[in-house]
Structure formats: C-alpha cells, structure tokens
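Just so it is clear: chains get the letters A, B, ... in the order the sequence lines come, proteins before strands, and each one is counted from 1. Computed from a prediction, not measured in an experiment: that's the story for all the values here.
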4 protein chains.
Amino acid sequence: MTEADKIEIHGPHANCNARATLTKQSKGERTRARLLEASAAEFASRGFHDTKVSDIVARAGLTQPSFYLYFANKEAAYDELVAIFRRRLRDLVSANRFPEDQDMRPDQIRLRIHHATHTIFEAFDQDRNLTEIGFFQCPLAEEIKTEYACMIAGNILEDQQRGLLRRDIPAELLAQFIVGMVERIIRMKVGKKEREAHVDAMTAFIADGFHAGCERLACPSGPDA
Amino acid sequence: MTEADKIEIHGPHANCNARATLTKQSKGERTRARLLEASAAEFASRGFHDTKVSDIVARAGLTQPSFYLYFANKEAAYDELVAIFRRRLRDLVSANRFPEDQDMRPDQIRLRIHHATHTIFEAFDQDRNLTEIGFFQCPLAEEIKTEYACMIAGNILEDQQRGLLRRDIPAELLAQFIVGMVERIIRMKVGKKEREAHVDAMTAFIADGFHAGCERLACPSGPDA
Amino acid sequence: MTEADKIEIHGPHANCNARATLTKQSKGERTRARLLEASAAEFASRGFHDTKVSDIVARAGLTQPSFYLYFANKEAAYDELVAIFRRRLRDLVSANRFPEDQDMRPDQIRLRIHHATHTIFEAFDQDRNLTEIGFFQCPLAEEIKTEYACMIAGNILEDQQRGLLRRDIPAELLAQFIVGMVERIIRMKVGKKEREAHVDAMTAFIADGFHAGCERLACPSGPDA
Amino acid sequence: MTEADKIEIHGPHANCNARATLTKQSKGERTRARLLEASAAEFASRGFHDTKVSDIVARAGLTQPSFYLYFANKEAAYDELVAIFRRRLRDLVSANRFPEDQDMRPDQIRLRIHHATHTIFEAFDQDRNLTEIGFFQCPLAEEIKTEYACMIAGNILEDQQRGLLRRDIPAELLAQFIVGMVERIIRMKVGKKEREAHVDAMTAFIADGFHAGCERLACPSGPDA
DNA sequence: CATGAATGAGCCTTCATTCAT
DNA sequence: AATGAATGAAGGCTCATTCAT
C-alpha cells in the first residue's frame with residue numbers, strides 16, 4: 001500500500017518519491033500499481049457495481065486471474081483506493097494546520113482560508129478518480145467527510161479561541177459548511193483559471209458571506225445590530 | 001404517479017390528502033403505493049444495486065411478479081422515485097420565490113434566507129428516503145443539485161440586481177455554496193430543535209460569513225474596516 | 001426433508017407412504033424430489049467435486065437457477081442426501097433390534113444374524129446411490145459407520161450378557177468386524193440370488209469363523225483347548 | 001520411483017535403506033521425495049480435489065513451478081502415491097505367503113492368521129498417509145482391495161484344499177470378509193498395544209466367529225453339537 | 001534447480017425477469 | 001390482482017498449469 005501510494009498519486013511530492021523508487025520496483029509491484037490505477041479509473045466512472053473485474057484487467061492489459069494475484073477480491077481493491085484517499089486527505093489537512101504557537105494578525109485569516117482552500121482543491125484535482133470514489137461514491141464517504149470536517153473544526157476552534165472568528169456558530173457547523181462548499185466546487189469540472197476564481201470567491205464568501213461590499217445588507221455589527 | 005406522490009410523503013399535510021383520496025384508491029393503486037414506499041426504503045438504505053427486487057416485495061408483503069405488474073423493471077421504480085423527489089424539490093423552490101415586483105427592505109434579506117432554509121430542511125426531513133435517493137445516491141443527483149442551484153441562483157441574481165447582495169461573486173457560485181451547505185446539514189440526522197439551530201447558524205453564516213461579531217476580522221469593505 | 005425422504009427411497013414402507021402423499025405433493029415438492037434424485041445419481045457416480053450443478057439440473061430436466069430454488073448450494077444438497085442415508089440407516093437398525101425382554105434359545109442366534117444381515121443388504125441394495133454417497137464417499141462416512149457399529153455393538157452386548165455370544169472379544173470390536181464385512185459385500189454388485197448366498201455365507205462365518213465343518217481346525221472348545 | 005519409495009516410508013527398515021541411499025541422492029531426488037511426502041500428507045488429509053498444488057508446494061517449502069519439474073501434473077503425483085502403496089501391499093502379502101510345499105499342523109493355522117494380520121497392520125500403520133490414499137480414498141481403492149482379497153483368497157484356497165479350513169464358503173468370500181475387517185480396524189487410530197489386542201481379537205474371530213468359548217451357541221458341526 | 005509472474009478454462013452462484021395459472 | 005415456479009444472462013472467483021528468467 002505504501003508503494004502503491006507513491007504510484008497512484010501524481011502530486012509533486014509523490015512524484016519525487018516515485019522517481020526515487022521506480023527503479024527499485026519489482027515487476028509485480030508495477031503491475032499492482034497499474035491495477036490500482038485501472039481500478040480507480042473504472043470505479044470512478046462506472047461505480048463499484050457496474051465495474052467488472054474484466055473491465056479493470058482489460059484496462060490494465062492483464063487477464064482476470066492476475067487481478068486476484070494482487071487483491072483478495074473486487075471489494076478489497078476498492079477499499080484500498082478508499083483508504084489511500086482517506087489517508088491522503090488526512091495528511092493534507094494536518095500538513096495545512098497553522099502553527100499553534102505562532103501569532104496571527106487578524107487580516108491574515110483571509111490568507112489562511114485562501115491557502116487552505118487552494119491546497120485542497122489542488123489535491124482533489126490531482127487525482128479525480130480517487131476523489132470521486134472516496135469523497136462521493138463509497139459508502140464510507142459520509143464518514144470521511146465527517147472526519148474531514150472534524151479536522152477543519154479543530155482549526156476553526158483555535159481561531160475562535162484566539163478571537164479571530166465569530167463564536168456564535170459552533171466550529172463543527174462552520175466546518176460542515178465549508179466541507180459542503182468544497183464538495184460542490186470539486187464537482188465543477190473546470191480549468192485551472194476558473195478554479196482559482198472559485199478559490200477566491202469561496203474565500204470571500206467564507207470571510208464575509210453575502211454581506212461584503214453591499215452597504216444595504218443589514219450588517220449585525222453595523223447600525224442595526 | 002400523481003397518486004403515488006400523495007402516498008409517498010408522510011408529512012401532516014400529505015396525510016390529510018392521503019386520507020381524502022384513500023377511499024378513491026383502488027386496491028391496485030394502494031399496492032402500487034406500497035411498492036413505491038418499500039422501494040424507497042430499500043433503495044435508500046441499500047442503494048440501487050444492493051437492493052434486490054425480492055427485498056422490496058418482501059417488505060411490501062408481495063411476491064416478485066407483482067412488482068412487475070406495476071413497474072416495467074427495477075430501474076423504472078427507482079427512476080420514478082427520483083422523479084418524484086425532483087418534482088417536489090422544484091415545486092418547493094418555486095413556491096418559495098420572493099415576488100419579483102415586491103419591494104424588499106435590506107434588513108429583510110436575513111428573514112428570507114432564514115425562511116428558505118427552514119422550508120427546504122423541513123421538506124428534506126419530511127421524506128428522508130426520497131432525499132437520500134434523489135439528492136445523494138442517484139446518478140441524476142448531480143443534475144438535480146445543479147437544477148436546484150440554478151433556481152437559487154435566479155433568486156440571488158435578482159437580489160444582486162436590487163443591490164441587496166454582494167455582486168463580486170457570481171450568483172451561480174453563491175448558489176452552489178448554499179447547496180453544498182444544505183447537503184451537509186441534511187446529512188446530519190438530528191431532531192427538530194437542533195435543526196432549527198442549524199437553520200439559524202446557516203442563515204447567520206450565509207449573511208456574514210466568518211466575520212460577524214468579531215471585530216478583529218479584517219472586513220475589507222464593511223463599516224469596521 | 002421429510003417429504004423428500006419418502007420420495008427418495010423406494011423401499012416397501014416408503015412406497016406406501018409415497019403413494020399416499022404423492023397426490024398431495026405440490027409441483028415444487030416434486031421438482032425438489034427430482035433434484036434430490038438427480039443429485040444422488042450424479043454424486044454417486046462422479047463424486048462431489050466432479051459433479052457439476054449443471055449435470056444435476058440437466059438430469060432433472062431443469063436449468064441451473066432452479067437448483068438454487070431448492071438448495072442453498074451444491075453442498076447443501078449433498079449434505080441432505082447424507083442426512084437422509086444416515087437417518088434411514090439408524091431407523092433400520094433400531095427397527096431390527098431384538099426385543100429385550102424376550103427369551104431366546106441359543107440356536108436362534110443364527111437366525112437373528114441371518115435376519116439382520118439380510119435386512120441390511122436389502123436396504124443398501126434399495127438405494128445404491130445413497131449408499132454409495134453416505135457409506136463410502138462422504139467425509140462423514142467414517143462417522144456414520146462408527147455410529148452403525150455402535151448400534152450393532154449394543155445388540156451384541158446384550159447377547160453377550162445373556163451368554164449367547166463369546167465374551168472374550170469386546171462387543172465394539174465384533175461390531176466393527178461385521179461392519180467391515182458388510183461394507184465389502186455391499187460393494188460387490190450382484191443379483192438377488194448371489195446376494196442371498198452372501199448372506200448365508202456371512203451368517204455362517206460370523207457364527208463359526210473359519211472353523212465350522214472342519215474337524216482339523218483346532219477348535220478351542222475341542223480336545224486341544 | 002524406486003528411490004522415492006525408499007524415502008516415502010518411514011519405518012525403521014525403510015530408514016536404514018534411506019540412510020544408505022541418501023548420500024547418493026542428488027538434490028533433485030531429495031526435492032522430489034519431499035514433494036511426494038508433502039503430497040501424501042496433503043492428499044491424505046484433504047483428498048485429491050481439496051488439495052491444491054499450492055498446498056503441497058507450501059508444505060514442501062517450494063513454489064508451484066517446481067512441482068511441475070518433477071510431476072507431469074497433480075494427478076501424476078497422486079497416481080504415483082497410489083502405485084507405491086499398491087506395490088507395497090502386493091510385496092507384503094506375497095512375502096507373507098506360506099510355503100506351499102511345507103506341511104502345516106492344524107493347530108498352526110491360528111498362528112498363521114495371527115501372523116498375517118499382525119504384519120498387515122504393522123505395514124498399514126507404517127505409513128498412514130499412503131494407506132489413507134491407496135486403500136480408502138483413491139478411485140482405484142476398490143480394485144486394490146479386490147486384488148488384495150484375491151491374494152488372500154489364494155492362500156485360503158490352499159488351506160481349504162488341505163482340509164484346514166471350512167469349504168462351504170468360497171475362498172473369495174472369506175477373503176473379502178477379512179479385507180473388510182482389516183479395513184475397519186485400520187481406521188481405528190490406536191496405539192501399539194491396542195493394535196495388538198485387535199490382532200488377537202481378529203484372529204480369534206476369524207478362527208471361531210461368535211462361537212468360541214460359549215457353550216450355548218449352537219455349533220452345528222463341532223464337537224459340542 | 002528454482003521462481004516471480006501470468007493465464008486458460010471453467011464452475012458456482014446471483015438476480016432481474018417471465019410464464020402459466 | 002396475485003403467485004408458484006422457472007429461467008436467461010452474466011459475473012466473481014479458483015485452480016491447475018505455463019512462460020520467461
């Protein structure tokens with residue numbers, strides 16, 4: 001799984017590692033990786049049930065029994081993909097955590113939101129198939145999103161305690177809102193430029209809601225608060 | 001389908017209607033309704049592929065051939081459920097539209113957001129099975145959500161043009177954000193009271209984002225900037 | 001299983017029951033019986049592994065899915081056949097038990113042996129397929145034979161205690177000897193007449209061993225004892 | 001095959017031979033022997049069909065292709081084991097034959113029976129796996145037993161002609177009886193001491209049947225008739 | 001001599017669907 | 001209106017066996 005990991009994702013860091021280990025991979029390991037990739041592609045586009053093992057092996061240029069040389073059964077391959085996605089998401093978010101001890105100026109929070117959002121979209125765009133499977137299609141998706149939300153909630157909570165964010169809405173809920181927005185944006189298959197625009201818009205919305213730039217919107221901290 | 005519709009929903013009003021029409025229903029119509037309900041329950045909890053026709057008829061207290069007396073095939077029943085959900089969602093949103101000609105005071109926008117959110121959650125909570133199927137599980141879900149987002153976007157656009165909402169973010173994007181948030185909240189299986197809290201929180205967040213009530217959050221264009 | 005029992009075996013008693021219930025059998029019950037018989041025939045001649053479900057259903061004039069309408073899987077059908085055989089064997093032996101209270105003259109023991117032997121062979125010959133499966137082929141065969149031996153041992157023990165049989169050999173061992181002889185004789189596929197001869201020979205051997213009719217064989221109860 | 005033979009059996013004598021030839025064995029010969037032994041163990045405990053080539057090679061500490069270096073296929077290995085058993089059984093019985101020309105006193109027949117029985121059990125106990133396969137499990141078992149019975153029948157016939165045994169039962173039948181008894185006893189997995197008791201009991205039974213030592217058993221043609 | 005890797009062939013089983021009543 | 005019984009079609013998985021090194 002560790003090896004497969006390196007192969008499956010094509011992110012910058014992963015590629016570095018891959019380049020280093022590619023020569024060491026046995027033929028079997030490469031075959032396994034090919035099968036995982038083929039599985040991801042097929043599962044992502046057809047779903048678990050409508051994907052036949054024969055589809056996967058055909059895409060990988062193998063025959064059916066070979067599949068069972070590397071995976072106990074169809075479900076095991078699927079589960080492994082989900083696990084890879086899950087771990088990757090976890091790693092991503094924890095890597096994105098703001099250093100606790102460091103002081104943050106209030107106006108930096110926008111940058112943080114922007115950065116986190118940008119990073120997550122980049123990662124999701126990296127491997128569309130895995131994202132499709134792990135975030136939308138698999139039965140564990142709900143659990144994974146909840147886990148994701150929890151991690152975000154942790155970050156939010158810190159900021160709330162620092163007085164950087166509103167405290168009248170529970171961090172968990174704010175986190176869920178963000179996850180929901182992320183979900184929707186991921187689903188919009190767009191180019192790099194548009195995605196950047198999305199990131200900007202989302203950052204702006206998270207920061208100020210419908211409010212910003214519209215004097216007529218009754219602002220609670222304004223005159224009618 | 002129209003009859004089935006009346007049966008499928010179990011809200012108070014729906015029951016009233018049902019009671020009124022029950023006497024008019026033939027035995028066959030009632031059987032069909034039972035099958036639809038059983039289908040919804042099974043599909044919702046197991047998904048399309050993992051639901052066997054035998055599961056459905058067992059739940060409805062019938063035998064397999066009876067199923068085919070009322071539906072062309074398994075997929076037809078599923079599609080019908082999706083269609084019911086879709087129509088219902090459409091009806092709901094269009095009924096919730098703010099009269100175009102009417103003038104709206106700036107501070108009323110919060111009420112509108114609150115009302116729309118409240119209504120939609122109530123509807124989703126009404127029939128969990130249908131929601132699960134039509135909003136999350138079916139292949140058309142993406143399309144349905146987009147449709148939903150479009151309708152919301154229409155409302156937003158109007159408000160933007162009236163100068164009630166920020167214009168720097170496209171209405172379509174704002175709508176998607178809201179749909180995403182709705183999605184996440186729906187999935188949290190909670191009681192009535194908590195749901196109300198969610199509605200409040202979501203309204204507040206939509207209106208002001210992370211910002212409100214936190215003087216330190218650098219608000220680029222608000223009064224405290 | 002009870003119904004199937006009546007069908008599968010064609011012994012005199014079974015036939016009586018069958019005749020009585022045949023008219024009451026539903027089509028499904030008859031199909032099941034046909035499948036059991038076909039299974040018995042195929043399993044007996046090919047063994048469990050070399051018998052394909054397709055062989056069985058072909059012999060029964062059905063298609064594969066029908067098989068699974070009546071049996072959970074191939075093994076279940078096999079196990080049922082074994083169970084039928086086992087029960088039948090049990091019933092047979094217990095029906096053959098000599099009344100405990102009744103007094104028996106020493107010279108009657110030959111008749112008893114003859115009778116028991118005759119009866120068992122008749123039963124085995126009745127359903128060759130079941131016998132093949134339950135007595136020779138199935139993994140439980142050893143257990144079944146042991147059970148059979150135990151029942152015989154019970155009968156022998158009584159006779160030993162009455163002083164009708166030698167006591168220097170444990171009843172269990174004598175019973176095993178008999179079972180072994182029975183086994184061998186069953187396997188000789190012969191006609192009725194020859195079978196009778198076998199019964200006579202076996203009776204004589206059990207009673208007297210190599211000894212009888214040969215003055216030169218050192219008889220322990222004779223002069224050199 | 002001849003070499004394998006020496007290796008396969010683990011009796012004291014066999015070991016002596018093995019030690020003598022071990023040095024002469026090439027590595028391949030030793031590997032082949034290991035595979036045969038592993039095959040015997042696996043086949044004996046699981047049967048032919050339930051034994052996978054992968055089981056065998058695993059037990060032998062090899063990989064699958066190695067198996068095919070020494071045997072044409074799975075069946076070939078099995079057949080070879082059966083052949084080894086068969087030859088061994090043949091050798092044993094013929095070695096046990098009483099010299100035709102020699103005269104035998106009537107009271108010596110008990111000793112002969114005892115000796116033959118003792119020898120055969122010892123041999124069977126020697127290699128349980130081979131016995132399981134060749135005598136019980138393989139399709140040829142029936143034929144092998146018949147062959148065995150024939151050889152015994154030959155011995156019996158001689159004794160009958162010498163007037164040492166009863167002539168009213170065909171030698172073939174008597175031989176079958178003995179084989180049946182042997183079968184059953186073999187299957188009782190016991191220690192050396194008990195086995196001796198079995199030999200004694202069987203000898204006694206073969207000689208005198210149920211009769212001996214029980215004055216009340218009506219012996220039709222013996223001295224106490 | 002031995003193995004990592006791959007495959008051909010085939011069987012069991014499932015399930016949506018239909019037929020006849 | 002409903003059902004007992006049956007089937008067509010297809011997919012997952014296993015296993016003996018081989019290829020290339």
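You'll find that the side chain of B:Tyr68 is closest to E:dT17, out of E:dC12, E:dT17, F:dA6.
For the pair D:Tyr70 and E:dA2, the criterion of a side-chain N or O lying under 4.0 Å from OP1 or OP2 is met. Close to E:dT7, at under 4.0 Å from its OP1 or OP2, lies a side-chain N or O of A:Thr63. The phosphate of E:dC15 has neither OP1 nor OP2 within less than 4.0 Å of any side-chain N or O from B:Ser54. Of the side-chain N and O atoms in D:Lys27, none sit less than 4.0 angstrom from OP1 or OP2 of E:dC1.
Summary of the strand contacts: B:Gly28 and A:Lys74 both lie near DNA chain F, and taking for each the nucleotide with the nearest heavy atom, the more 5' one is attributed to B:Gly28. Along DNA chain F, the nucleotide closest to A:His49 and the one closest to C:Ser66 are compared, and the more 5′ of them pairs with C:Ser66.
Using a cut-off of 4.0 Å between Lys/Arg side-chain N and Asp/Glu carboxylate O, A:Arg32 and A:Glu80 are scored as salt-bridged. At a threshold of 4.0 Å, the pair A:Arg59-A:Glu37 does not count as salt-bridged, since none of the basic side-chain nitrogens sits closer than that to a carboxylate oxygen.
F:dA16 is paired with E:dT7 under the Watson-Crick or G-U wobble criterion, all donor-acceptor distances under 3.5 Å.
Under a cutoff of 6.0 Å and an axis angle of 45°, D:Lys74 and D:Phe67 do not form a cation-pi pair.
Whole-Å rounding puts the C:Leu69 CG to E:dT14 C1' distance at 12 Å.
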